[in-house]
Asks: 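First, the structure itself, so that you have it in front of you.
One-based numbering, in listed order, for ligands and for the atoms of each. Everything quoted here is computed from the prediction, not taken from an experiment.
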Amino acid sequence: MSERRRQTRAGERAGERKLLLANPRGFCAGVERAIAAVETALVHHGAPVYVRRHIVHNQGVVDRLKARGAVFVTELAEVPEGAVAILSAHGVAQSVLREARQRQLKTLDTTCPLVARVHAQVLDHYQAGRHVLLIGHQGHPEIIGTLGQVPGGAISVVGSPGDVDGLPLARNIAVSYAVQTTFAMQEATSVIEAIRARFDDVVAPRASDICYASSNRQEAIGAIAARADHVVVVGDRLSSNARRLVEVSRAAGCGDAQLVDGPDALDLGRIAAARVVGLTAAASAPPEAIDAVVARLVALGFAAEELPGRAENAVFKPVSMTPLDAVPLAMRGDQVRRDVERCLEQVLIPGPGAPARLNDAMRYAVLGGGKRLRALLTVLVAEMLGAEYRHAIWAACAIECLHAQSLVHDDLPCMDDDDFRRGKPSLHRAFDEATAVLAGDALLALSFEMLSDERAHPDAAVRTRLVSALARTIGKDGLALGQMMDLYPAEDASAEAVALCEQLKTGTLLSYCVEAATLLAGCEGEERERLMRFSEKLGLAFQIRDDILDRVGSAEALGKRVGKDSRAGRVTTIEIFGLEGAKRQSQRLAEACLEDLAQFGSRADRLREIASFAVSRLH
Ligand code: GRG
């Protein structure tokens, strides 16, 4: 013990008994947000609402919410179909979200935004081909949730430097690490050091994964514990961050520390001889429990003293009361666009030492633009059928690469000769024609490479079907043929020939989105047939709308030149049926889409929205 500390302790022993109150302590923004979500849901949706597992690790909080009408369950199977199900702040595996969707629950997700950030990073690293080392406590709900973001085996959980040394992994594999948000800072540091010593290629999180609340509470009690005879941590035994505060206190030099959930749990014998007691509280400990423990200690003769600490001003957006599956299509589209963008960013990282031009051109073509309608369609059908979201996003990215390729080649002077696309110069304008040809080729190759990768689906037979179906979609009887018919139309183009050309040129890729989703979900038979019929009509309706927009749309909204079809003398549905006739035709197709979806009930509501978007869109 240092001289200064010895003197301080002596001074404190001479005076009255002190209770040093650590700051910050108690609720964090993520816990407040999760509890408020249950309270608001009880008002908004009415009791009962079902909460999967402890909303936060505190029995007092759980009991209070139970008294107000919340029903706590262990698994979603216990929740009646169609009821409100609230997922805890610790986050859940993707399989839980899938189950919620399958059972048509009205799901509210209170996952702490800082945990959600870790989920997103883990997925990024997995998609970039890295093995993830997750520093945390095996079996904790947060770890189970994070593990469930990627396939089994893609993550190893390590809790100590010894765990790292024992990993059956080669030194030269690419790894990244992530940390449980409530882990102890010092322990994490030693595990990270072991990771850096054990592997050559290590990517760290962009910022510390340990959340601000855990770090601040650990730092504050660590400083007090050094001069306290005893530390009291208010919290629940189940709470990881509470237990870390006990460990940190001991590691900081305090001889004894106890974890209590309220005043009655205090072991007074262990405090009897203490002159200086430090007190902190877990991020899930409610204020009334903390106040009651402080009051009991003050009644025992301790003089309470608030110590200064870091100010906390984190505020999270409240949990939306709109169930996950009922968020507007536009918002769902935003999420898919974001996830597609992130995934493609990972896939298109330039190779080390390779000249950047080709990769730059591919990025120019595929990143940061487009409605991502094909991606959204793939994801929505996959979700409706119960496929995994990450597989759907991966396949959706492959499809977006292929789509970008077709746009790049379509814009070339030897094809449609367009110098503007997605609101910026076409690729051959921004680079040059040879680069545009090669970037298109490389995007085409990439789409197949992605579909044959395990990240598309763990079952090789499914991957083979994904690949061969795409080959059929774009080849001599698909996209390429449609483009050929467009470039070299028959002299006497009939309505059927025009419809076939439009169907092949545009509809086939939209159909492939649906087909890919059925393959990912293992959907066969009548359901699959109905969905494929829906996709064919959707594809044709979408292309007819494209023709209409080329005639009457705005170049600004579309991000491409308009009026090209008539200038090029192309025969489209408009030339056959007139503008109004084409509009009626696309409307009829959208209505027929709804008939194909009738059997799916409310599960297909999103697809109905897509059909109506396809024929009313302005861009
Ligand atoms: C793939 C082998 C192979 C050959 C390609 C060049 C070509 C042959 C085909 C061209 C197909 C093509 C570009 C059809 C037009 C489809 C269409 C309406 C595109 C516009 O789609 P949007 O509006 O675009 O969804 P964004 O930019 O929003 O993604």
Asks: Strictly below 4.0 Å, N to O, side chains only: are Asp360 and Arg363 in salt-bridge contact?
Replies: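 No.
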
Asks: For a quick check under 3.5 Å, do Thr572 and Glu575 share a side-chain donor-acceptor pair by atom type?
Replies: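 Judged by distance alone, the side chains do pair up.
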
Asks: For ligand 1, what is the set of protein residues having any non-hydrogen atom at a distance below 4.0 Å?
Replies: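 Within 4.0 Å of ligand 1, protein side: Gly370, Lys371, Arg374, His403, Gln405, Ser406, Leu407, His409, Asp410, Arg422, Ile474, Leu479, Gln483, Lys505, Thr506, Phe542, Gln543, Asp546, Arg617.
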
Asks: Does the distance from a Lys or Arg side-chain N to an Asp or Glu carboxylate O, for Asp410 and Arg421, drop under 4.0 Å?
Replies: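 Salt bridge between Asp410 and Arg421, a charged N being under 4.0 Å from a carboxylate O: yes.
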
Asks: Keeping the roles fixed (side chain from Glu502, backbone from Asp547), state whether a donor-acceptor pair exists under 3.5 Å.
Replies: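 No, the answer is negative, given that no donor and acceptor are paired below the 3.5 Å cut-off.
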
Asks: Just by modelled atom types, is the Ala517 backbone N or O under 3.5 Å from a matching donor or acceptor in the Thr378 side chain?
Replies: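 Flag not set: sc Thr378 to bb Ala517 has no pair under 3.5 Å.
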
Asks: Between Glu400 and Arg374, is there a salt bridge with N-O shorter than 4.0 Å?
Replies: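 No, this pair does not count.
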
